[in-house]
Undergrad: 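Structure provided below as structure tokens; questions to follow.
In what follows, chains are A, B, ... by sequence order, proteins preceding strands, each numbered from 1.
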Protein chains: 2
Amino acid sequence: MEKARREVSPRKLEKQIALASAACSVFGREGYARASVDALAAAAGVSTRTLYNHFPGGKADLFRTVVTWTSGEVREAQLARLQALLDPERPPHPDDLARDLTALARAFVGLMADYPNHFALVRHIHAEADHVPPEVLEAWKDAGPGPVGRALAEAMTGLADAGLIDLHGDAAMAGAHFTALSSHSIVQLSHYGVLPLPKEETDRLIEGGVLAFLRAYRAGRA
Amino acid sequence: MEKARREVSPRKLEKQIALASAACSVFGREGYARASVDALAAAAGVSTRTLYNHFPGGKADLFRTVVTWTSGEVREAQLARLQALLDPERPPHPDDLARDLTALARAFVGLMADYPNHFALVRHIHAEADHVPPEVLEAWKDAGPGPVGRALAEAMTGLADAGLIDLHGDAAMAGAHFTALSSHSIVQLSHYGVLPLPKEETDRLIEGGVLAFLRAYRAGRA
DNA sequence: GGAGAATTACAACGACCGTTGCACTTTCGA
DNA sequence: TCGAAAGTGCAACGGTCGTTGTAATTCTCC
């Protein structure tokens, strides 16, 4: 958490991170309305009063912090995986394209299991979009889906430049179709990662999605 | 609403429908936790007390009823559109395949605009899956996504039998890929239909999705 | 060890909520 | 027209919640 909420001593930062981390779990599980301040404080092993000392704005203030913080965390993880598996500078060998794309899809889907609190929180943001302050919504979009979508579009452009795929005129759409095909069914069936889908089923859906993507976007077709 | 909650007089039924319809709007906008019983009653133009007369179980009872009722409504609408646009008995002419699939995708996306309350409610169900009684979750799945997914798979099988598409071994997955490609981006960008996406952009995304689907599934390819 | 900051426990407040009981009024069919 | 069924307004209950104040306690670092 490189961006401190308010320029403060390292000791305060530690507690604030503990609070934000615990709050992410509670907000994700309960949602904003149901999450009581007492529960938020207890989850961080902290008295209610110190929560208000660190976040003068109370529950809303903490929520705002949590959203931007966790969104940044997950974005970094996602960008790292994308960079590692599909570096635009070093396109894969044609024979490895399917394998690499499958690995990328698996990595994306795996994020839901690695950051369940974050994605639970995002689901609540989606549902309560009307009640979330617009600035928070913007912060989330800027910290999460925005950069990732752009990076994925870049990666697709890289693959196209290497002659591996045909963008059919729209790199962003190709990226969106990749995530749609590789994650839509899994998100649907696993209730956004809540229900544990059998691993073999997950693999089958991912592989099917990647194959469909390649049929639609592999270079050298009609 | 052919299935009456409890076998009752027509007069009661009318009020119960009014209550359920209004409650769908309130629950969708506020979520379960935030929706107050007073607000639910007021939205139906009814006193709090009569709400409890019709739904002895109170808020939870009303919520249960609303979920199954609206899910059934939307399912019927969706099945009707699917039947009208892609009757398995009468497959389209090959030249019309792209046009018909585009129309179907447009119809599916249009549902979100036609039943905004329902989809808002579904979003809340997704987010609060932990707090929704399992029976309600099951009722929703049985009344909504389940039959629609099966019908779509059937339609895909029909297209394959007519030699129009190649299922690549899995009709259900083909159907899932169709909905993924045609709706994923729009759902994402429009925040589940909350933000009004420009019509031209919607059309562009739908058309792109259908074209990608056809590249992946049209018959007579490698 | 002691100054000063940080944290705690505790009580209290006003507000809202879900639910119920009761007496009263409206509605509607026979 | 009458009588039962349905609906209403109101008050009240126990409960939870967000938030704040205060005084006592713990921790950290010089």
Undergrad: Rounded to whole Å, please give me the gap between CG in A:L19 and P in C:dA6.
TA: 15 Å

Undergrad: Would B:D203 and B:R106 count as a side-chain contact (heavy atoms from CB on, under 4.5 Å) if you check the C-alpha gap in whole Å, the side-chain angles of each, and the deciding distance to 0.1 Å?
TA: CA-CA 8 Å; B:D203 284 348; B:R106 229 189 291 269; 2.5 Å; yes

Undergrad: Would you list the protein and nucleotides 12-18 of chain D atom pairs, both N or O, that sit under 3.5 Å from each other?
TA:
residue: D:dG18; atom: OP1; partner: A:A35; partner atom: O; Å: 3.2
residue: D:dG18; atom: OP1; partner: A:K59; partner atom: NZ; Å: 2.6
residue: D:dG18; atom: OP2; partner: A:V37; partner atom: N; Å: 2.7

Undergrad: Does any part of the side chain of B:L62, heavy atoms only, come nearer than 4.5 Å to the side chain of B:F27, both counted from C-beta?
TA: yes

Undergrad: Sequence neighbours excluded, which residues qualify as ring pair (Phe, Tyr, Trp, His ring centres under 6.0 Å) partners of B:H184?
TA: none

Undergrad: Kindly indicate, with the supporting measurements, whether the criterion side-chain contact (heavy atoms from CB on, under 4.5 Å) is fulfilled by B:F108 and B:T179.
TA: CA-CA 8 Å; B:F108 274 14; B:T179 65; 4.2 Å; yes

Undergrad: Within the 4.0 Å limit for protein heavy atoms, which parts of nucleotides 22-30 of chain C are touched? Write it as a string from 5' to 3', B for base, S for sugar-phosphate only, - for none.
TA: B--------

Undergrad: Pull out every residue in residues 39-48 of chain B that has a heavy atom closer than 4.0 Å to any atom of DNA chain D, ordered by number, or say none.
TA: B:G45, B:V46, B:S47

Undergrad: What residues, two or more places apart in sequence or in another chain, satisfy salt bridge (Lys or Arg N to Asp or Glu O under 4.0 Å) together with B:D87?
TA: B:R90

Undergrad: Over all heavy atoms of both residues, which pair between B:P88 and B:A155 is shortest? Give the atoms and the distance, please.
TA: CG-CA, 4.3 Å

Undergrad: Using atom CG of A:L62 as one end and atom C1' of D:dT19 as the other, report the distance to the nearest whole Å.
TA: 14 Å

Undergrad: Could you list the donor-acceptor pairs under 3.5 angstrom formed by side chains in residues 115-123 of chain A, with sequence neighbours left out?
TA:
residue: A:H118; atom: ND1; partner: A:T70; partner atom: OG1; Å: 3.2

Undergrad: Does any pair with a residue in residues 21-32 of chain A pass side-chain hydrogen bond (donor to acceptor under 3.5 Å, both in side chains), and if so which ones, sequence neighbours excluded?
TA: A:S25-A:R29, A:E30-B:H131

Undergrad: Would you kindly give the CZ-to-C1' distance between B:F63 and C:dG18, to the nearest whole Å?
TA: 16 Å

Undergrad: Could I get the full list of ring pair (Phe, Tyr, Trp, His ring centres under 6.0 Å) partners for A:F213, not counting sequence neighbours?
TA: A:F178, A:Y217

Undergrad: Between B:H54 and D:dG7, does any side-chain N or O lie under 4.0 Å from OP1 or OP2?
TA: yes

Undergrad: Roughly how many Å is it from CD in B:E30 to P in C:dG18, rounded to a whole number?
TA: 11 Å

Undergrad: Starting at atom NZ of B:K15, determine the distance to atom C1' of D:dA6, rounded to an integer number of angstrom.
TA: 9 Å

Undergrad: Who passes side chain to side chain donor-acceptor pair (under 3.5 Å) against A:E201, sequence neighbours left out?
TA: A:R204

Undergrad: By side chain to side chain donor-acceptor pair (under 3.5 Å), which residues pair with B:D114, not counting sequence neighbours?
TA: B:R81

Undergrad: Would you say B:T50 places a side-chain N or O within less than 4.0 Å of OP1 or OP2 belonging to D:dA6?
TA: no

Undergrad: Can you measure B:E14 atom CD to D:dA6 atom C1' for me and round it to whole angstrom units?
TA: 13 Å

Undergrad: Could you tell me, to 10°, how much the axis swings from one end of the helix from C:dG1-D:dC30 to C:dA30-D:dT1 to the other, five pairs per end?
TA: 30°

Undergrad: Grab the CZ-P distance between B:F55 and C:dT20 for me, whole Å please.
TA: 15 Å

Undergrad: With A:R64, which residues qualify under salt bridge (Lys or Arg N to Asp or Glu O under 4.0 Å), at least two apart?
TA: none

Undergrad: What verdict does the side-chain contact (heavy atoms from CB on, under 4.5 Å) test give for B:T102 and B:L211, after you've listed the backbone C-alpha separation in whole Å, the side-chain angles of each residue and the deciding distance to 0.1 Å?
TA: CA-CA 9 Å; B:T102 302; B:L211 288 178; over 6 Å; no

Undergrad: In terms of heavy-atom contacts, does CD of A:E135 have more than 12 from other residues, nucleotides or ligands at under 6.0 Å?
TA: yes

